[in-house]
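Please read the structure below before turning to the comments.
In what follows, chains are A, B, ... by sequence order, proteins preceding strands, each numbered from 1.
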Amino acid sequence: MKVEIEDVRAWVDGELDERQANAVANAVKGDTQLKKAADAVRTSQLPYREAFEQAPVPECRTH
Amino acid sequence: MSDDKQNLIDTIADVELPALWRFALQVTRDKDDAEDLVQRTCVRAIEQSSRYNDTGKLKSWLFRIAHNIWRNELRSRAIRERGNLMAANPDGLSPSECTHDNSTPETRLEFQDVVNAVEALPEGQRLVIQLVCASGFSYAETASILDIAVGTVMSRLARARVTIGEQFLHDEAYESNRKLSRTNNMMPNGGEQFL
């Protein structure tokens with residue numbers, strides 16, 4: 001199985017079954033680029049919903 | 001007007017309008033365009049209310065309509081402006097303009113960092129992050145709203161997350177270097193004894 005960053009993202013977010021997760025985990029161990037991607041994806045687990053809900057937005061005249 | 005149509009209008013006005021407004025701002029990145037898009041989306045939704053499937057999410061149906069309208073608008077502009085798709089943004093969407101909030105300055109800053117990181121993404125990735133991570137749509141719903149394949153959603157999501165993560169990792173490294181440098185500068189010999 002060729003592991004892509006899509007797989008790494010899904011692995012970090014816990015969306016893979018055990019077999020797939022093991023395959024990605026092994027690939028990440030042996031590949032510096034994939035490890036970097038995994039670190040980045042982990043760091044990108046951020047409070048997006050809260051951030052956008054609290055972000056000030058201009059008033060809409062349509063409201 | 002039929003009761004169904006009236007109910008739809010009421011629901012849009014009472015429940016979905018703020019979310020639609022935020023999505024329109026995300027898509028257009030221009031306040032005037034966003035207002036126009038919200039209005040046109042509501043009109044189109046009312047016109048096509050008989051097509052709305054009650055079992056589906058009203059929000060994703062509205063977002064799909066909005067995205068379609070905006071895509072067509074961009075096409076029209078591209079024709080008018082001989083391929084120049086990037087409309088000027090004279091007012092600049094300035095999210096810092098107004099509104100209430102009761103968060104602490106620290107939290108606000110962190111949230112603003114997150115918003116800024118998403119805003120800096122290419123459009124396709126930005127909308128996917130907005131829909132999946134900020135609005136909670138499934139991958140399939142996001143694909144339907146943006147009229148792209150689910151695989152494209154996954155691909156854009158992964159690339160966007162890597163970009164955002166790298167940016168925050170870089171910022172963290174920058175911050176710790178800055179703090180270290182500041183500490184060293186406070187020492188009489190610039191902290192050289194520790195080097």
Just how far is it from atom CZ of Arg49(A) to atom CD of Gln130(B), taken to the nearest 0.5 Å?
10.5 Å
Which atoms of Leu46(A) approach chain B - backbone, side chain, both or neither, heavy atom under 4.5 Å:
side chain
Give, for atom OG of Ser44(A) and atom CD of Gln167(B), the distance between the pair rounded to the nearest 0.5 Å.
11.0 Å
Heavy-atom distances under 4.5 Å only: say whether Glu4(A) touches chain B with side chain, backbone, both or neither.
neither
Please name the residue in the list Val41(A), Val8(A), Thr43(A) that meets the side-chain contact (heavy atoms from CB on, under 4.5 Å) test with Arg161(B).
Val41(A)
Cut-off 4.5 Å, heavy atoms of chain A, and the answer for Arg159(B) is both
When Ser135(B), Ala160(B), Ala117(B), Ala158(B) are compared by non-hydrogen pairs under 4.5 Å with chain A, the top option
Ala158(B)
Using non-hydrogen atoms only, which part of Asp13(A) is less than 4.5 Å away from chain B: side chain, backbone, both, or neither?
side chain
When you group the ILVMFWY residues by side-chain heavy-atom contacts below 4.5 Å and let the links chain together, are Val43(B) and Val38(B) in the same group?
no
Any heavy-atom pair between the side chains of Val118(B) and Phe52(A) that's under 4.5 Å?
yes
Heavy-atom proximity to chain B below 4.5 Å, by part of Arg9(A):
side chain
dist Ile164(B):CD1 -> Gln45(A):CD (nearest 0.5 Å) comes out at 12.0 Å
Can you find a pair of side-chain heavy atoms, one from Gln112(B) and one from Gln54(A), that are under 4.5 Å apart?
no
Pro47(A) and Phe111(B), any side-chain heavy atoms less than 4.5 Å apart
yes
